[in-house]
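Okay, structure first, notes after.
Keep in mind that this is a model prediction, so the values were computed, not measured. Heavy atoms only: backbone and side chains are in, while hydrogens, waters and symmetry mates are out. By convention in this document, chain letters (A, B, ...) are assigned in the order of the sequence lines, proteins followed by strands, and residues within each chain are numbered from 1.
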Amino acid sequence: MTATDREGLRAAGVKREAGGRLVLDGVDLAPPPGATVGLIGPNGSGKSTLLRIMAGVLAPHAGTVTLDGRTLAETGRRTVARRVAVVDQHAVTQVELSVLDVVRLGRIPHRRAWSAAGPEDEEAVREALERTGLADHAGQSWHTLSGGERQRVQIARALAQRPRELLLDEPTNHLDIQHQLELLALVAALPVTAVIALHDLNLAAMFCDRITVMAHGKVVAAGTPSEVLTRELIAEVYRVRAVVTDDGPDGRPSVRFLPGAPLGSLPGSQSEPLPGSQSGDAPPAATTAAPPGTGR
Amino acid sequence: MTAPAPAPSRPRKTPPPRATGVRVLRDGLLWTGGAALLVLSVAVAVTIGPARISVPDVWSTVGAHLGLGESRLTPIRDGIIWNLRMPRTLLAAVCGAGLAVCGTVMQSLLRNPLADPFVLGVSSGASTGAVAVVVLGVGGGAVSVSAGAFLGALCSFALVLLLSHTLGGTTDRVVLSGVAAMQLFSALTSFVVMTAADAEQTRGVLFWLLGSLSGVGWSDVWVCAAVLAVALLVCLGHARTLDAFVFGQEAAASLGVHVGRTRLVLLCTTALLTAALVSSAGAIGFVGLVLPHAARALTGSGHRRLLPVTALAGAVFLVWVDTLARTVLDPQEVPVGVVTALIGVPAFVLVLYRTRRNP
C-alpha cells in the first residue's frame, strides 16, 4: 500500500444491518481522485446505504470509511462536510426560499456559529452559480423551478461547499431525458471525485470513468464501463436479457434490453446471435445512432 | 469540456441577488425600526385604560424609577403606571417575543409548519400542573401555582421526548407524541376540574388556561425576561444550524450538523422558555403558530435575520392584543388567549393564502 492508496474517500469492508438483514456485506469502494464512478445495481442492493455511510450521515456497523486515511468519526462532521458534498434524488421543502438561499446553505460547514458570510463565502456561491449556469436565476423562488432545475440548484449548493468528493444518489431519478443528460454531463465535467448511484446503465456507461456493480449488499464487479457492462453480468445481476454493443459514444458499451427471462433460464436460446460478445466486429444492428469516436 | 447548461426553462423577471451592503442597511433599518416600534408600542399601550395617562406621564414615571429626576405624578397614578400597567405590558412583550421564537425554532427544527409550543404539549402539561396545585392542593401550599405549571410543563415535555424516542425519534413522531401528550394532559386537567373544583376555582382555572396577563408583577417580568434572553442567545447561536434543516435532517447532517445534539439542545431550550412563560401568563395560544409565518414573509428563511424580527414582531403583537383584551369590554377583561385566537386565525389564513402555491 502506498501513500496515494490512502488518499481521498474510501470505504473498506463496510457492513450495515437493518431489520436482521445485511444491507451492506463487506463493501470496498475506492474512487480514484478526480474520477466519476457509477454505482449500479438493482433496487435494494445497498447503493443508497453505501452513499449515506460514505457521507458520514450513517455509521457502518463494521468496516471503515476513511478520508485521507482518517476515519470519518475521527475527522469530525463539519470537516467532512467541507470535503464531501451530497446530492439526493429528491430535495423537498415547504419553506419559501430563493435559488441563492439554497446555494448559500453550502457555506454552512465553512462558517462559524456567530459570523456572517464573508467574501470567501460570497465568492464560492457566485462561482457555484456560474458553473451550473444559474447566475441569472439567483433570485428565483425554489418552488417555481422544475425538477431538473432543482437538481441543478442542489448541485450548485454542493459545489458551494467546495468539495473534493461529491456523492450523488440517483440524481436524475425524477428528470426527463434532456435534463438527465445535461445533469450528468455537468457532473462528469466537474473537477471533483464523483460517486453517482444510477439506474440507467447506458447513462452510467456514457458518463462514468469506472462502474461498480452491487447486488445483495456486495460488490460483484468493478472496472471500466466496457469491462463491467456485459450481457452475462446484466443477466446475473438484474435477471434480464440484454444485448451489449460497443457502439456507444467514444466506443463505450451500449445496452439494449430484450423481453423474456435471461439466457441461462431459457433452454434453447443459446443459439441466438449474440452481437455483444463479438466485440471488435461490425455489430449487426448498425442502426444505433453515433458511430464510435463522434463523442458526446 | 461541456458548455454551460442552457438557462432554466422558465425564465422570469427576478431581482438580481441583493448586494451585501444594501442587505446590511435594510436589516439595520428593519431592526432599529422594529425596536423603536416596540418601545413606542409599550409607551402608548401603558397610557390606555380607565385612568387617563399621557405618554409624557409614562416617560416621567419611568425616568423617576430609573433615578432620573422626580416624578410629577401623584403616588396613585405613579402606582398605576409603574406597578400595574408597566409590568403587564412588558410581560406581554416578553411573552409575545418568547412564544414567537419558540414557534419559529420548532417549525424549522421539526420541518412542520404547525409545530408550536402548544402542539408539543408543553402548555397542556403546564395547565395540569397548575390545576393540581390550585384544585388538589398538591404541595400543601409550599408550591406556588407558577412552580406547579413549570413542573407540569417539564413533565409533559419529558413524556413527549420519551415517547418520540421510543417510537423511532423521527420528526413526525415528535409532533404526534406532542399531540398525544396534549390530549392526555388536557383530559387530566378537565378530569380534575370536573370532579374536584368548585365554581370559583373552575373560573380561575379556566381564565388561566386561556391565558391572562392580569395581576402580573415585576418578578414575573424579570424571570421571564432572563429566560427569554438566554433562550434567544442559544437560538441565535444555532441560527446557521437551523438554516441547514430546510431540506431535512439528513441534508443537515451532510452539511456538518450534529442533528441529534442540536435537536435536543434547541427543543429543551424552547420547552424551558415555554414553561417559564406559561407559568406566568397561562396558555396564550396562536402567537407561536402565526407570528413565525408572518415574519418569514417579511425577512425570508435565514434564521440570523428571522429570529430577531420574529421576536420583535411577537412582542409588538402581544402588547397590542393584551391592550385590546383588557379594554375592549371594560370593566370586564377578555382572556388574552381568546383575542390572540380571534385575531390570529384570520391572519393565519391570510398568510397561508398569500404564500399558497399552485399545485
Atom group of B/A251 that falls short of 4.5 Å from chain A, counting heavy atoms: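 No part of it gets close to chain A.
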For B/R240, is it the side chain, the backbone, both, or neither that has a heavy atom closer than 4.5 Å to a heavy atom of chain A?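 Both parts, backbone and side chain.
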Give the member of B/N112, B/D243, B/V246 that has the highest number of heavy-atom pairs under 4.5 Å with chain A. B/V246
Contact part of A/R82 toward chain B, heavy-atom cut-off under 4.5 Å: side chain, backbone, both or neither? neither
Heavy-atom distances under 4.5 Å only: say whether A/A91 touches chain B with side chain, backbone, both or neither. both
With respect to chain B, which residue among A/H110, A/R111, A/Q161 yields the maximal number of heavy-atom pairs within a distance under 4.5 Å?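 Maximum pair count with chain B is reached by A/R111.
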Applying side-chain contact (heavy atoms from CB on, under 4.5 Å) between A/H90 and each of A/Q151, A/H174, A/R150, report the one that passes. A/H174
Any side-chain donor paired with an acceptor under 3.5 Å for B/H303 and B/S108?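 The answer is yes; a qualifying pair exists.
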Do B/Q107 and B/R296 have side-chain atoms, one donor and one acceptor, less than 3.5 Å apart? yes
Quick check: closest heavy atoms across A/R107 and A/A124, and the distance to 0.1 Å? NH1-CB, 3.4 Å
Write down the atom of B/L38, the atom of B/A93, and the distance for their closest heavy-atom approach. CD1-CB, 4.2 Å
